[in-house]
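What follows is a short report on a single structure.
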Amino acid sequence: MNRNSYWLKNVRIEVGFEQGDNRMKTLTEIVHLKVVEGKIAALSKEQPRDNLPEKDAKGFLLLPSLKEMHIHIDKTYYGGPWKACTPITNGIFTRIAEEIKLLPQQLATAQERAEKVIELYLKHGHSHIRTHCNVDPSIGLKNLEATLNAVNKYKDVMTFEIVAFPQHGLLRSEVAPLVKEAMEMGATHVGGVDPATIDRNIEKSLDTIFDIAVQSGSSVDVHIHDPNSLGAFTFERMAHYTKQAGLQGRTTISHAIALGDLETVQLEETVKMLVDNKIDVTTTVPINRPTIPIPLLTQMGLIVSLGHDSITDHWSPFGTANTIEKMCVLAERFRLVDEKSLSSLVQYGTGGINSLSATGERQWPKIGDDASMILVDASCSAEAVARRTDVKALFYKGKEVNRLEMEKQSVAK
């Protein structure tokens, strides 16, 4: 057995819901969890009787490790001097014009700052990051090189996906050849941004994106900010090209702003089309514009995940890398205050995993699952979300990555 085999003792896990006094309560138990070769091998209430090493979880709650599904680690101010953003005078084109000068200036520190962002995500309990990486005329493939160097240093504690992202427009900046080269260098997804507004040619833009993806055996992740019927029409064409390319289950629409604008019938038709083609959506839960109706979309079968997009850069001074905090923003935005609703929000930050099903059956952890998990100072996942609780420890496939001081016993009894 390797070093990823041990007992994690005194772990709190969720085992069900109990109704009483007009209030739902989460039931938990303290168990000992056996990890063997990076997998969960046993859950027991009995004291371990073998000679494996033991770690004490001190009654803290066990949750699946977190996944950041939309971030740009290649262009950040994080780790450097504080800078607020300049005013926007021409929408997204203000930022694109700014990048032409800014990105070459940032290149000397791009890898170092990307590493600092990765470390911040590890601190907050993440075992996976999907990062978008600029491919554009001002920087070429140099940001991708810096990103690949950064993620390579953390490949033993985290998994990564890298989107070759033509921020300045795939057609507008004529970078299709560079995107193809990026796929050969190690990018996992072909990106795009607003085929209508930026590229001014929905069909040619999407045809090029999906053609590169098919040729390289890659997945697709396209930013679509366009609202209302324009956004909905772009989704329709995304579905067409996804089906044509056979990329069902491998296509993501980032932001998908139009889903927050559509009336009921059109929303239902659009979501059904996305679900039928296994297209998923990522969102930052924006509060400065109509937010896509995340709980309703989930009820309709659409897979939705969370991302921060920015960690203090020239696009936004905000962003914390704290996905539990982002879950709480989601809860507040949609007024989800009851136990079951709060508990269910964990799925948006864990790749679809909740500890309990809607009817209270334990779904996680189970024997055979990867031991990629976090310990948090909360009595249950609902409390973890509502109180934005701290992550006390992160384990990646059994490997202890980050363990903060746990002198304080969990408040749960």
Side-chain angles (χ1 to χ4, degrees), residues 69-70 90-96 132 163-176 179 189-214 218-286 288-305 307 309:
M69 296 306 292
H70 188 111
N90 190 28
I92 190 174
F93 295 102
T94 297
R95 297 294 181 235
I96 289 174
H132 299 257
V163 184
F165 182 52
Q167 176 73 80
H168 303 177
L170 182 68
L171 306 182
R172 181 177 179 272
S173 60
E174 301 179 338
V175 291
V179 173
H189 290 62
V190 181
V193 56
D194 293 329
T197 304
I198 303 297
D199 277 340
R200 311 298 291 180
N201 190 327
I202 294 174
E203 299 302 324
K204 186 176 180 181
S205 180
L206 292 178
D207 183 63
T208 305
I209 289 168
F210 280 87
D211 182 58
I212 296 172
V214 170
S218 307
S219 300
V220 169
D221 190 330
V222 179
H223 294 50
I224 302 180
H225 309 87
D226 289 327
N228 299 303
S229 58
L230 179 58
F233 179 72
T234 308
F235 300 162
E236 179 184 327
R237 302 313 295 156
M238 282 280 291
H240 166 78
Y241 283 100
T242 297
K243 184 176 181 179
Q244 179 178 274
L247 288 179
Q248 297 92 337
R250 297 177 59 186
T251 298
T252 298
I253 298 175
S254 287
H255 304 300
I257 297 300
L259 293 178
D261 303 323
L262 304 180
E263 298 296 332
T264 303
V265 174
Q266 189 179 13
L267 178 64
E268 291 174 352
E269 293 174 349
T270 300
V271 171
K272 183 179 186 303
M273 175 185 62
L274 298 179
V275 171
D276 287 347
N277 287 280
K278 298 181 180 178
I279 296 173
D280 63 272
V281 166
T282 61
T283 180
T284 62
V285 197
N288 62 336
R289 58 166 63 97
T291 309
I292 66 174
I294 299 170
L296 176 60
L297 298 176
T298 301
Q299 292 174 18
M300 298 168 71
L302 187 64
I303 295 174
V304 181
S305 55
D309 201 5

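Distance CD1/I253 to CG/D280: 8.5 Å, rounded to 0.5 Å. Atom NE2 of H240 sits about 12.5 Å away from atom CD1 of I202, to the nearest 0.5 Å. In this structure, the separation between OG1 on T251 and NE2 on H189 is 8.5 Å, given to the nearest 0.5 Å. Between the CG atom of L259 and the OG1 atom of T291 there is a distance of 12.0 Å, given to the nearest 0.5 Å. Distance check, rounded to the nearest 0.5 Å: CD1 of I279 to OG1 of T252 gives 9.0 Å. Here the CG-CG distance, from D261 to D226, works out to 10.5 Å after rounding to the nearest 0.5 Å.
For G191 against V163, the heavy-atom pair with the smallest separation is CA-CG1, 3.6 Å. Between G192 and I209, the closest heavy-atom pair is CA-CD1, 3.9 Å. Across all non-hydrogen atoms, the minimal contact from H225 to I257 is O-CB, 3.4 Å. Counting all heavy atoms, side chain and backbone alike, R237 lies closest to L206 at CB-CD1, 3.6 Å. Residues I198 and G169 approach most closely at CG2-CA, 3.5 Å, considering heavy atoms. Smallest separation of non-hydrogen atoms from T234 and L230: OG1-O, 2.9 Å.
The neighbour count for Q248 CD, taken as heavy atoms of other residues, nucleotides or ligands under 6.0 Å away, is above 12. Within 6.0 Å of CD1 in I96 there are more than 12 heavy atoms belonging to other residues, nucleotides or ligands.
The side chain to side chain donor-acceptor pair (under 3.5 Å) test applied to D276 returns K272, not counting sequence neighbours. Looking at residues two or more places apart in sequence or on another chain, you find a side-chain contact (heavy atoms from CB on, under 4.5 Å) between L171 and D199, N201, K204, S205, T208.
Considering only heavy atoms from C-beta on, H255 stays 4.5 Å or farther from I292 through its side chain.
Only one option out of V281, T270, V222, V271 pairs with F235 in a side chain to side chain contact (heavy atoms under 4.5 Å, CB included); it is T270.
Aromatic ring pairs are classed by plane angle as parallel below 30°, tilted from 30° to 60° and perpendicular above 60°; the pair H70 and H132 is tilted. Taking the six-membered ring where tryptophan is involved, the planes of Y241 and F210 are essentially parallel, since the angle between them stays under 30° and well short of 60°.
Here the side chain of T242 pairs no donor or acceptor atom with the backbone of L247 at under 3.5 angstrom. Panel note: side chain R250, backbone V220; no donor-acceptor pair is recorded below 3.5 Å.
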Evaluate side chain to side chain contact (heavy atoms under 4.5 Å, CB included) for D194 paired with I224, printing each intermediate quantity in order. CA-CA 5 Å; D194 293 329; I224 302 180; 4.2 Å; yes
Dump the intermediate steps for side chain to side chain contact (heavy atoms under 4.5 Å, CB included) on R172 and R200, then the final yes or no. CA-CA 8 Å; R172 181 177 179 272; R200 311 298 291 180; over 6 Å; no
